[in-house]
Amino acid sequence: MKHYIICGPPGSGKGTQSALLAEHFHLRHVSTGELLRKEISEQTDLGKAVEDLMNRGELVPDSFMLAMIRRVLLETTGVEGVLLDGYPRTKPQAEGLAELLRELGMTIDLIVQLSVPPDVILQRIQHRATVEGRSDDSVEVLKQRLKEYEEKTVPTIEYYRAQGAPMVDVDGTPDVDTVTKRLIHAIEKGSLEEGHRAGRELSTEEA
Ligand code: ADP
């Protein structure tokens, strides 16, 4: 089972691209934002607890997210892997994921970062607000979401980088098709390099 993480600021196209990548590579697309919005629409205990936070553009507490991701990873079968979209967003979430994967004897195969400049993000979110009507897509709430991203998620990505985790950076500015092609290429290349690394380790052991 492969484990991929896709990260990028709100409006970077993570959700759209994740759905396309999941289909291409036969992965389960796990969007924590979507899972939370479902909890809210069903008015579950979790949904009720997180609704106000989400509508303000704040992050949901790590303990809730960890429990959610644990459940998702444990119940996932019948796919080639999992594509995490929107998790981890904080360092404690990254540490929790590492522990969970260790427990399951698994690792993170690749982290994909989608980069998009702030002016493009603003345009996209304003457009999405008119199409999807998401309650956290106002300019004011977007500011808070970007702030959370800068303060908590960027350091999380840096933490992975410092660890030497397998990572690629893809420009999310071009049209959807172009970005998808580049992402597919990046993931295929990443898997290949992973194979080479594994191969090298094997030959060192043999020597
Ligand atoms: P976007 O990336 O465009 O902001 P998402 O659908 O991924 O949108 O997330 C929407 C909201 O869901 C976030 O602003 C946050 O409140 C909540 N959320 C999603 N994933 C997490 C997470 N891993 N940790 C904390 N909160 C989360």
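As the structure lists them, so they are numbered: ligands from 1, and atoms in each ligand from 1. Computed from a predicted model, the values in this text were never measured in an experiment.
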Distance-only check: which donor-acceptor pairs under 3.5 Å involve side-chain atoms of residues 112-122, not counting sequence neighbours?
unit_1 : atom_1 : unit_2 : atom_2 : d
Gln113 : OE1    : Arg161 : NH2    : 3.0
Ser115 : OG     : Asp169 : OD1    : 2.8

Do any side-chain atoms of residues 29-38 form donor-acceptor pairs under 3.5 angstrom with protein atoms, and if so which ones, sequence neighbours left out?
unit_1 : atom_1 : unit_2 : atom_2 : d
His29  : NE2    : Asp85  : OD2    : 2.8
Ser31  : OG     : Glu34  : N      : 3.0
Thr32  : OG1    : Gly86  : O      : 3.0

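Contacts of Glu103 classified as salt bridge (charged side-chain N to carboxylate O under 4.0 Å, His left out), with partners at least two apart in sequence or in another chain: Arg70.
Between Ser18 and Ile6, the closest heavy-atom pair is OG-CG2, 3.3 Å. Nearest heavy-atom pair, Leu20 versus Val176, reported as atom, atom and distance to 0.1 Å: CD1-CG1, 3.8 Å.
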Filter the ligand 1-protein atom pairs down to N or O on both sides and distance under 3.5 Å, then list them.
unit_1   : atom_1 : unit_2 : atom_2 : d
ligand 1 : 2 (O)  : Lys14  : NZ     : 2.6
ligand 1 : 2 (O)  : Arg89  : NH2    : 3.0
ligand 1 : 3 (O)  : Arg145 : NH2    : 2.9
ligand 1 : 4 (O)  : Arg89  : NH2    : 3.4
ligand 1 : 4 (O)  : Arg145 : NE     : 3.2
ligand 1 : 4 (O)  : Arg145 : NH2    : 3.0
ligand 1 : 6 (O)  : Arg37  : NH1    : 2.9
ligand 1 : 6 (O)  : Arg37  : NH2    : 3.0
ligand 1 : 7 (O)  : Arg89  : NH1    : 3.4
ligand 1 : 7 (O)  : Arg89  : NH2    : 3.2
ligand 1 : 8 (O)  : Arg134 : NH2    : 3.2
ligand 1 : 9 (O)  : Arg89  : NH2    : 3.4
ligand 1 : 16 (O) : Glu58  : O      : 2.6
ligand 1 : 20 (N) : Thr32  : OG1    : 2.8
ligand 1 : 20 (N) : Gly86  : O      : 3.4
ligand 1 : 20 (N) : Arg89  : NH1    : 3.0
ligand 1 : 23 (N) : Gly86  : O      : 2.8
ligand 1 : 23 (N) : Gln93  : OE1    : 2.9
ligand 1 : 24 (N) : Gln93  : NE2    : 2.9
ligand 1 : 26 (N) : Val60  : N      : 3.0

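Remark: Glu148 does not engage Arg56 in a salt bridge, criterion side-chain N to carboxylate O under 4.0 Å.
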